[in-house]
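Here is the structure we will look at, set down as structure tokens.
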Amino acid sequence: MDDLGGDDDLAVETVASPRRHGRRRRRFVQVLLVVSGIVLLLAALVWTQRRPIADNIVRRELEKRGVAARYRVAEIGLGRQRLVDVVIGDPRAPDLIADWIEVDTSVSLNGATVTGARVGQARLRATLRSDGTVSFGQIDRLLPPPSGKPFALPDFDVAVDDGRIRLATPYGLIGAKLAGRGNLADGFTGQLAAVSERLSLNGCGIERLAANLSLRTARTGPALAGPIRARAAACGDVRVMRPVVDAGATLSPGFDRWRGTARIQAERIAAPQTRVAALAGTIGFDGGARGTAGTLDLASRAFALPQLAGDGLSIAGRYAIGGTPAFEGRVGARGARLDAATLARIVGIGKGAAGTPVALLATAAAQAAARAARRFDVTAEVAARPFAARIDRLAFVAASGARATLRDGPVRWVSGKGVALNGTLATGGGGLPSASIRLAQAAPGQPVTGTATMQPYAAGDARLALAPVRFRTAADGTTAIRTRVELSGPFSGGRVDRLALPIDARWDGGGGCWSTAAACRPPSTGCAYRR
């Protein structure tokens, strides 16, 4: 019986155990359902109260950072938040006013990340400090601290319907308007307009500035294009009226390099005793904070300078600014003419030989030079740096047929030292003597040596022929000339025909000279002649 009884107890236990497990499972499920219900209820409660909760969180954060703000929460979601009637900063002069702002976020195990933002109508105040940084007032307290990394546009999407900025700078006030959309780092397109009544810096200024630029960003950097206009720009006594710069530029991703091309126009340029009309052309640029270099090709219409006027000026070549300023290229003037006073002085040179056998020749040469100076074109290949310049080539072509060239240079000028003359000067045509003069000078202040050759020159019944003229001039004015002359022509009281004599003349730099050429003493000179 005991054995049978033990078997019965085992059987009962065996049957009861599954029932007990079933009750436990049902109890667990019931508890789980209750807990889940509570969680859902709490979640629903939180969801229905998400706006006040978010509002409290935002307000506490603003208060902690000392930012005054007014706004209304219009929508709070897992992926988007929308605020309306936003005012940040002192209510009397807010740093930001926006009718609505939407922020897109992405939530992950690492937290929430801002992926985009949209703004309706917004008004923003900013200040450009003297150190080059920009302050947005109390908004600065909401921005992350500087990372020390190079500047780069953030990688998130932005849409701005009508954003306006009032930027106060040490140079003047700038107002700007921006509209556009896309990824700021790659793919943003928009339009930027900017105006300023006056900007000034170090004695230079711009009046009524207005820019209308299209913007586009890419991984290689942002690009902008469009016209920039002004009523006037002035620097010192130089004033440019109605300049227009139609620029196309690409910046590096860090905004520390730039390159592009600008088309330039200006109604006129004015300075004391200087007028230049209708300047136009292009300027190419490529550079960074250390300096900019590029090419330029500019031309003008009518101009008036001291003692010189004409139909147009031109300049083309390569330049550098920002480091050591430099230019190398071609400058020129077309339809140029000297003023009446200078022309009269040129003609007067010939009158100085009156009464001598060379009077007709000097008068003819002076009159030919004056005719050439009444209308001519001139171009020069030059290079310039601070306190130094050089002329490599020069070409002069007059309407009278006269011409002059300088080649095989350069002619150099160094501030404080003077000019070094090197090259070959050739003249002829239009009644001028046909001559070629070769000059050589090692450095400013050193002796100048040269050789001049001239074709026989005639005027009326006067004629002059010269053998190659060799000369040397020292810095103190001491000059030596050697040649052989054959001269025919009338003079007061007589005439000479085919007078041939060697010339070996020396000037002492003070007005005296002597020569072994002849035994005569022209009364109008202070020179002594000896055999």
Side-chain angles (χ1 to χ4, degrees), residues 202-204 235-238 240 264 269-276 279 281-287 290-300 303-310 312-334 336-339 342 373 376-398 403-427 436-450 473-475 477:
N202 295 334
C204 299
C235 200
D237 293 331
V238 180
V240 183
I264 308 295
I269 300 174
Q273 300 182 327
T274 300
R275 298 290 186 276
V276 179
L279 180 70
T282 59
I283 296 179
F285 50 90
D286 187 350
R290 294 186 176 180
T292 298
T295 61
L296 59 83
D297 188 352
L298 302 173
S300 79
F303 68 93
L305 307 175
Q307 301 180 338
L308 180 68
L313 297 171
S314 63
I315 181 171
R318 295 194 59 82
Y319 72 92
I321 57 175
T324 301
F327 172 78
E328 184 170 0
R330 178 175 294 183
V331 298
R334 58 183 177 82
R337 57 191 178 277
L338 297 180
D339 68 335
T342 303
F376 60 89
D377 298 341
V378 60
T379 59
E381 295 179 8
V382 302
R385 293 177 178 271
F387 312 113
R390 75 172 193 264
I391 300 175
D392 294 324
R393 296 177 65 88
L394 183 144
F396 173 98
V397 179
R403 63 188 182 278
T405 61
L406 175 67
R407 54 185 177 82
D408 303 328
V411 173
R412 296 180 182 272
W413 169 81
V414 179
S415 177
K417 295 183 178 180
V419 178
L421 301 174
N422 290 279
T424 301
L425 176 65
T427 64
S436 177
I437 305 171
R438 175 63 187 174
L439 301 170
Q441 186 177 15
Q446 296 296 314
V448 180
T449 61
T473 300

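Of all heavy-atom pairs spanning Arg337 and Gly310, the tightest one is NH1-CA, 3.6 Å. The shortest non-hydrogen separation linking Ala333 to Phe303 is CB-CZ, 4.0 Å. In this structure, Ala443 and Ala420 approach most closely via the heavy-atom pair C-CB, 3.9 Å. Counting all heavy atoms, side chain and backbone alike, Ala271 lies closest to Arg275 at O-NH1, 2.8 Å.
Counting heavy atoms of neighbouring residues, nucleotides and ligands inside a 6.0 Å radius, atom CZ of Arg438 exceeds 12 of them. Sparse packing is recorded around CG of Asp237, with 12 or fewer heavy atoms of other residues, nucleotides or ligands lying under 6.0 Å away.
We find the CH2-CZ distance between Trp413 and Arg390 to be 14.5 Å, quoted to the nearest 0.5 Å. For the atom pair Leu406 CG and Thr424 OG1, the distance stands at 8.0 Å (nearest 0.5 Å). Taking OG1 of Thr379 as the start and CZ of Arg334 as the end, the distance is 13.5 Å to the nearest 0.5 Å. Taking OG1 from Thr292 and CG from Asp286, the interatomic distance works out to 8.0 Å, rounded to the nearest 0.5 Å. If you take CZ on Phe396 and CG on Leu425, they are separated by 11.0 Å, rounding to the nearest 0.5 Å. Once rounded to the nearest 0.5 Å, the distance linking CG of Leu313 with CD1 of Ile315 reads 9.5 Å.
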Q.
Between Thr274 and Ile269, does the side-chain contact (heavy atoms from CB on, under 4.5 Å) criterion hold? Intermediate values first, please.
A. CA-CA 8 Å; Thr274 300; Ile269 300 174; 6.0 Å; no
(Q) Evaluate Leu308 against Leu338 for side-chain contact (heavy atoms from CB on, under 4.5 Å), listing each step before the verdict. (A) CA-CA 5 Å; Leu308 180 68; Leu338 297 180; 3.9 Å; yes
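Between Arg407 and Glu381 there is no salt bridge, since no side-chain nitrogen of the basic residue lies less than 4.0 Å from a carboxylate oxygen of the acidic one.
A side chain to side chain contact (heavy atoms under 4.5 Å, CB included) with Val411 is found for one member of Leu394, Leu421, Asp392, Asn422 and no other, namely Leu421.
At least one donor-acceptor pair under 3.5 Å links the side chain of Gln441 to the backbone N or O of Gln446.
The closest side-chain heavy-atom distance from Val382 to Phe327 is below 4.5 Å.
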